[in-house]
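In what follows, chains carry the letters A, B, and so on, assigned in the order in which the sequence lines appear, proteins first and then strands, with residues in each chain numbered from 1.
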There are 2 protein chains.
Amino acid sequence: MTTIYDVAERAGVSPATVSRVFNGTSVSAEKVAAVRKAAADLNFTPNRTARSLRTQSSEVIALVIPDIENPYFTEMARGVEDVASEAGYSVVLCNSDSQTEKEATYLQIAIAEHMSGVIIATASETTSLDSILSTGRPVVAVDRATRYDVDGVVIANRAAGIAATESLIEAGYRRIAYIGGPEDIDTAADRAAGWRAALAAAETQTDIGALQRFATFRVDGARAAMEELLALPEPPDAVVAGNNLIGVGAIQVLTERGLTPPQIGVAVVGSLPFTTLSPTAVTMVRLPARHMGVTAARMLLERIGGDAQPARTVVLRGDVQHASAVRV
Amino acid sequence: MTTIYDVAERAGVSPATVSRVFNGTSVSAEKVAAVRKAAADLNFTPNRTARSLRTQSSEVIALVIPDIENPYFTEMARGVEDVASEAGYSVVLCNSDSQTEKEATYLQIAIAEHMSGVIIATASETTSLDSILSTGRPVVAVDRATRYDVDGVVIANRAAGIAATESLIEAGYRRIAYIGGPEDIDTAADRAAGWRAALAAAETQTDIGALQRFATFRVDGARAAMEELLALPEPPDAVVAGNNLIGVGAIQVLTERGLTPPQIGVAVVGSLPFTTLSPTAVTMVRLPARHMGVTAARMLLERIGGDAQPARTVVLRGDVQHASAVRV
DNA sequence: TTGAAAGCGCTAACAT
DNA sequence: ATGTTAGCGCTTTCAA
């Protein structure tokens, strides 16, 4: 491994000058040239570990998400990454798998590795940010709000739930069920609240309780919930899916039974990027995942840069894409 | 930030002893207890950067993939992560976005950060592993073979192409097209070769050239290719998709035209995890992505542990799930 | 088993 | 503008 001392010797300067060349402080043009040449000759790369130990910082940010296999989060990750790498930061993607312990481990690593900041979609309400915050590192919450006073970027979940439901009501459906994520995740609870509010406003449907299901945010849970709903004495004629994977699970079950939309109405809070359905068969409230990542990364970078204004929360709205079909 | 010196002072031992406690070398039971207590009191976490600078290593491995938004690669990432975290390693996920320069940057970072090893699905044939290999770090190639003499885990791509095609032939289709990824990616070329071989063996189809398309490994490219094929004077009655996203794109176009499988035969090399199709409508040659990640991670860990046997390549086979329907 | 001390590669005072 | 030097927090000889 070549060090700045090797480069310094070859270029006939001091190690400090080599360091300066690589950090952009004032060095005479001729020495800059000599150092660059020597560095190139020796195939020198600065040792980030040493740099990081010395400066107590590193150009790395951690992105902690609950499910790396969910396209919603990977799209968000792309947004984060694009902004970060533009600014010279690398992104370490950590998959908490919705487990608080794994999440805590990654947060510890972020501290121990001197990472500059953290963007996190928390695994649950109980997530503790105490130790990371006590180090003074900036944290931005994405997708899910936290009980801490930190920057956040969230979705207007209640509005999204309302929009999805209203789209079905307008299309003529009259018994609209809801399948959402775990009730203790705020995003899931808010979307469910939106569904309830829309139904209440429409005054068309009374037995709301019977048509509400909380599953996991995964395909399997949604499948089971959909089966349950269809087995009801009075099954629904439409369903609102609380996120993209729930939408997939619900539609899978429906399709297997020959009930392809719009035979039964489907509205999804989220996008179906890999759907093979006709694009107009279901209503999607598309969530700006990438934009969310971009916004969060920008906020984090500002904080890393020393910005100390009070914590802000940015609320992003979904974009309704109505199914063109109506109830048949 | 608390250091081993703080802990040492509080426990009444030397810093070296504290270090030993955290690294499992012989220390008397009473001192171990004292150190642990002091560490807990002070909420001490060893500084990985310092450790890494001193030992010239770190318990981090890099996983470089060309498309983080492709479920195939995220499933693979899960496999890698599960094995790695079990062994006390963390995984840094790097998205090269199929760009050789981005890939090179991440490889540089892996070196500069003293990461223990790299698992990489290369962006292209031209990927250079020279500098990472010259540092002596182990590299395992996944999904795509390289021109270097390193460990690898790949799919039996030609066999997968043959299996997909044969499934369609057996179902009675007679004009089977192929849409694959870029011809210069070996996986794409091999799958195409499998398709050609299966058709040649069946002797049912002659104008192979007209029915072959190379797109990107993305949804959009596949859509365009599918449109082209349908616009042919003599359009195909079936299509083999070279990967999961190509399958999605092709099926989307077909569905939009009311040509849902099995009206037209579809076989995909890969899985459709978020499909909303009836599960028996298309043939899938399911690829063991997670297993691939697991295998690669195990191999890398062995190398990190000092294993110096000659480079091995593990070939994994896809698992055919035939569409239950036949040509209609 | 334990401690003292050197040094991993770099940056940032401080001095020139 | 440039060089000298003292650490950043840790591990690891070497001695005791």
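- When rounded to the nearest whole Å, the span between OH of B:Tyr5 and P of D:dC8 equals 9 Å.
- Nucleic acid contact class of B:Ser19 (heavy atoms, under 4.0 Å, all strands): base.
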Pairs under 3.5 angstrom, nitrogen or oxygen only, protein versus nucleotides 13-16 of chain D, please.
residue, atom, partner, partner atom, Å
D:dT13, O4, B:Arg20, NH2, 3.4

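- For A:Tyr72 and A:Phe217, the distance between ring centers is not under 6.0 angstrom.
- Contact check for A:Val154 versus A:Arg144: no side-chain heavy atoms found under the 4.5 Å cut-off.
- Between the side chain of A:Asn243 and the main chain of A:Leu245, a donor-acceptor pair closer than 3.5 Å is present.
- Overall, the helix from C:dT1-D:dA16 to C:dT16-D:dA1 carries an axis bend of 30° between its ends, with five pairs at each end and the value rounded to 10°.
- Backbone-only contact: B:Phe44 has heavy atoms under 4.0 Å from sugar-phosphate atoms and none from a base.
- For the pair A:Arg137 (side chain) and A:Met115 (backbone), a donor-acceptor distance under 3.5 Å is present.
- Put simply, the side chain of A:Glu103 gets close to the backbone of A:Ala123: a donor and an acceptor are under 3.5 Å apart.
- Look at CE on A:Met1: it is 19 Å from P on C:dG7, rounded to the nearest Å.
- Contact annotation: A:Asn47 does not reach the phosphate of C:dC8 (side-chain N/O to OP1 or OP2, under 4.0 Å).
- As a whole-Å value, the separation of A:Leu53 CG from D:dT11 P is 12 Å.
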